[in-house]
Amino acid sequence: MSSRQITIIANWKANLPPSEEVALAKEIAESLLGALPKSGLPSDVRVLLAPSTLGLVPVASLLRREYPHSALEVAAQDVSLSIPGAFTGEAPAEHFVGIAPAVIVGHSERRRDHGETAEVVGGKLARAVAAGLAPVLCLGDDLPRAEIASRVAYVEEQSVATFAAAERAGCSAARLLAAGLVIAYEPVWAIGTGNPASVEIAEGIAAGLRSALNREELPVLYGGSVDAASAAAWFGTSTARTSLDGLLVGGASLSADRFATIVRAALSAAGSAQ
Ligand code: 13P
């Protein structure tokens with residue numbers, strides 16, 4: 001059995017109002033209860049729900065109040081570049097402390113819809129780490145038909161630019177890694193298309209990033225059209241795990257049944273299924 005932790009993150013994006021996010025969190029917790037040991041999730045499987053900014057507090061409160069032993073956690077979907085202060089409408093990293101231990105940074109939808117450059121994403125990484133949050137950095141290529149080597153080169157280049165920007169914002173790569181940095185490889189051509197990348201491509205990216213950063217243990221997740229039916233393939237088995245460390249799930253995480261199936265596949269790969 002591998003001791004590497006598996007992380008599953010449900011990215012609900014802006015699909016649901018907070019009341020429905022609370023209902024979904026409850027449904028997921030209930031549907032997982034039967035699959036979990038009495039003590040909740042085992043330490044080798046981590047599950048985070050990432051509701052909208054408005055849903056973060058009610059979902060975190062629900063989990064604390066009604067499912068304190070489930071070990072289900074919440075993550076923020078984004079964080080502002082600004083520090084706390086007179087910045088109308090912003091959500092500085094410090095405001096998430098005590099609510100969400102982790103934050104997704106640099107999602108391709110933020111890059112596409114809000115023009116977030118490597119400079120902005122690196123700055124947000126630095127802000128998250130300064131506040132004590134663990135960043136989940138999304139990197140991805142827009143090369144649907146490229147060879148693996150070109151994809152690896154593209155994503156490595158994106159990571160180098162982002163780490164350099166974080167460094168300029170006062171946060172070294174070593175500090176990012178010590179803060180619990182997780183990379184999520186999310187190819188743009190796979191997100192929301194029903195066409196996931198192959199495990200081979202995702203493993204190639206993971207190997208490239210680990211070697212570029214000289215960190216064999218760098219956690220790399222995959223995201224992009226992951227569904228319940230194919231979830232097990234991303235983990236492998238408890239005796240033959242893939243080199244990936246988990247999944248960032250969009251559409252399939254909006255269904256409690258589908259998401260719980262994905263978590264059960266993770267528990268089984270970790271050797272912790274009940
Ligand atoms: P889908 O699983 O809907 O393709 O979304 C992936 C994603 O963007 C998660 O952050």
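Atoms within each ligand, like the ligands themselves, are counted from 1 in listed order. Here the structure is a predicted model, which is why all the values come from computation and not from measurement. Residues take their numbers from the sequence shown, with the count starting at 1.
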For Ile191 and ligand 1, does the shortest N/O to N/O distance drop below 3.5 Å?
->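 Ile191 vs ligand 1: no N/O contact under 3.5 Å.
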
For His107, is at least one N or O under 3.5 Å away from an N or O on ligand 1?
-> yes

Electrostatic pair Arg111-Glu116, nearest N-O below 4.0 angstrom =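 Glu116 and Arg111: not salt-bridged.
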
Basic-acidic side-chain contact under 4.0 Å: Arg4, Glu217 = no

Hey, looking at atom 4 (O) of ligand 1, which of Ala252, Gly223, Gly192, Cys138 has the closest heavy atom?
->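 It is Gly192 whose heavy atom sits nearest to atom 4 (O) of ligand 1.
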
Protein contact to [atom] [nearest heavy atom, distance to 0.1 Å]:
{"atom": "atom 3 (O) of ligand 1", "value": "Gly251 N, 2.8 Å"}
{"atom": "atom 5 (O) of ligand 1", "value": "Lys13 NZ, 3.3 Å"}
{"atom": "atom 2 (O) of ligand 1", "value": "Gly250 N, 2.9 Å"}

What atoms in ligand 1 come closer than 4.0 Å to a heavy atom of [X]?
{"X": "Glu186", "answer": "6 (C), 7 (C), 8 (O), 9 (C), 10 (O)"}
{"X": "Gly224", "answer": "4 (O), 6 (C)"}
{"X": "Ser225", "answer": "1 (P), 2 (O), 4 (O)"}

Are Leu49 and Leu41 joined in one hydrophobic group, where the rule is that I, L, V, M, F, W and Y side chains link up if heavy atoms are under 4.5 Å apart?
->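 Both belong to a single hydrophobic cluster.
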
Would you check if there is a donor-acceptor pair between the side chains of Asp141 and Tyr185 at a distance under 3.5 Å?
-> yes

